[in-house]
Structure formats: structure tokens, C-alpha cells
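Note that these values count all heavy atoms, side chains included, but never hydrogens, waters or copies made by symmetry.
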Amino acid sequence: LDDALGTSSTTSQSASSGTKKDSGDSSSSAAASGAQDTEGDLGKLHVKIVSAAKSGADYNGQPTVLVTYEWTNNTDKNQVFSVATSAKAFQNGKELDMAIYTEAPAGYDSNASLQEIQPGATQQVSVGYVLQDDSPVDVEVSGTLDLSGAKVSHTYQLQ
């Protein structure tokens with residue numbers, strides 16, 4: 001399965017982020033759970049969460065956050081970000097809905113997450129999510145068919 005979905009992601013857009021709260025022994029608990037902060041490998045995919053920044057309103061006028069990912073396909077087959085990975089954002093423990101924009105924010109390409117990339121290629125993908133409030137946003141990415149439990153995650157304080 002890893003060979004079939006060997007992908008990774010990267011983004012070149014950057015934004016300021018808050019610091020992730022770390023408790024005294026968080027590195028050992030993160031390692032045990034398979035969590036990697038901001039960047040790591042998901043099977044044969046390399047994923048980096050580049051940024052999360054407040055963005056324009058969605059089609060309903062609701063505030064949004066634009067999360068930028070960078071991924072690299074280290075498999076031997078073409079891959080698609082939205083198929084090879086499960087990228088999600090949460091606030092207050094609840095998954096956020098994906099944003100639909102009438103006016104695309106700068107750096108946003110609604111088709112990027114659906115485009116195939118070849119083995120060895122790196123791609124930037126941005127995804128908008130509808131915010132609930134001004135609380136921190138937890139971003140998590142896992143491999144769709146990666147059974148190892150590995151994930152890349154980070155908590156962002158929105159400005």
C-alpha cells in the first residue's frame with residue numbers, strides 16, 4: 001500500500017504561526033502516537049504543513065483559514081494529494097468544514113489538491129477551512145492507506 005500511495009507534500013507560502021504548546025514529556029508521547037510536528041514522512045509521502053493564516057470570507061461570508069501544505073511523491077506512481085492523504089483542520093475538537101470561495105485568496109488554487117504529480121515531484125497545495133471562532137486551529141495530515149498511525153500535525157494561533 002505504501003508503494004501505491006508514496007506521496008509527500010510541500011508548500012512555498014508562509015505565514016506566521018503560534019507556538020505549539022509542549023508539556024514536559026510531549027516528544028516521547030508524540031513519538032509513541034506517530035505524531036510529527038509540522039513535517040514528516042507518511043509512508044512514502046513527505047508532508048510539510050507550511051502555514052495556516054486567516055483568509056478571506058467564504059461564499060456565505062464566514063471567516064476562513066487558508067492552510068498551505070507541501071508534499072513530495074516518493075512512490076513509483078503518480079499520486080494526488082486529496083487521495084493519498086487525509087488533511088484536516090480542527091477547532092475546539094471539532095473538524096472544520098472546507099471553505100468554498102467566490103473570490104479566491106492570493107496563493108489559492110482550488111484544483112491543486114486534485115492534480116496528479118509524478119514520482120519525485122513536489123507540489124504546494126492550499127486548502128481553506130471555515131472558522132468557528134478565533135481559537136487555535138489544529139491541523140493534521142495522515143496517509144490515506146498508511147496503517148502505521150503516522151501523522152503530521154501542528155497547532156496554529158491565528159492573528
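Neither F90 nor V65 shares a network with the other; the hydrophobic side chains, linked directly or stepwise wherever heavy atoms of I, L, V, M, F, W or Y lie under 4.5 Å apart, form separate groups for each.
In terms of heavy-atom proximity, S55 sits nearest to L66 at CB-CB, 3.9 Å. Counting all heavy atoms, side chain and backbone alike, P119 lies closest to N78 at CD-OD1, 3.5 Å. Annotation for G143 and L42: closest pair N-CD1, 3.8 Å, computed over non-hydrogen atoms. Considering all non-hydrogen atoms of both residues, V130 and M98 come closest at CG2-O, 4.1 Å. Nearest heavy atoms, Q36 versus A150: NE2-CB, 4.1 Å. S113 and V80 make their closest contact through O-CG1, 3.2 Å (heavy atoms, listed as atom of the first residue, atom of the second, distance).
Ion pairing between a basic and an acidic side chain is recognised when a charged N comes within 4.0 Å of a carboxylate O; E140 and K151 show such pairing. D134 has a carboxylate O that lies under 4.0 Å from a charged side-chain N of K54, or vice versa, which qualifies the two as a salt bridge.
Of the possible donor and acceptor atoms, none in the side chain of Q79 sits under 3.5 Å from a partner among the backbone N and O of E116. Between the D109 side chain and the N111 main chain, a donor and an acceptor come within less than 3.5 Å of each other.
In the displayed structure, E95 atom CD is contacted under 6.0 Å by more than 12 heavy atoms of other residues, nucleotides or ligands.
Interatomic distance, D133 CG to Q91 CD, rounded to the nearest 0.5 Å: 4.5 Å. Here the CD1 atom belonging to I100 is positioned 5.0 Å from the OH atom belonging to Y59, to the nearest 0.5 angstrom.
Contact of the I49 side chain with the V67 side chain is registered, since non-hydrogen atoms from C-beta on lie closer than 4.5 Å. With contacts defined as side-chain heavy-atom distances shorter than 4.5 Å, the pair N92/Q132 qualifies. Two residues are said to be in side-chain contact when any heavy atoms from C-beta on lie closer than 4.5 Å; D138 and S153 fail this criterion. A 4.5 Å side-chain heavy-atom check between L158 and L131 finds at least one atom pair inside the cut-off.
Using a 3.5 Å distance cut-off with no hydrogens or angles, the side chains of S126 and T68 do pair a donor with an acceptor. The closest side-chain donor-acceptor pair between D58 and T64, if any, does not fall under 3.5 angstrom. Using modelled atom types, one finds no donor on one side chain facing an acceptor on the other under 3.5 Å when comparing Y156 with S51.
The distance between the ring centers of Y101 and Y108 falls below 6.0 angstrom.
Just one residue in the list H154, E39, Q124 forms a side chain to side chain contact (heavy atoms under 4.5 Å, CB included) with K48, and that residue is E39.
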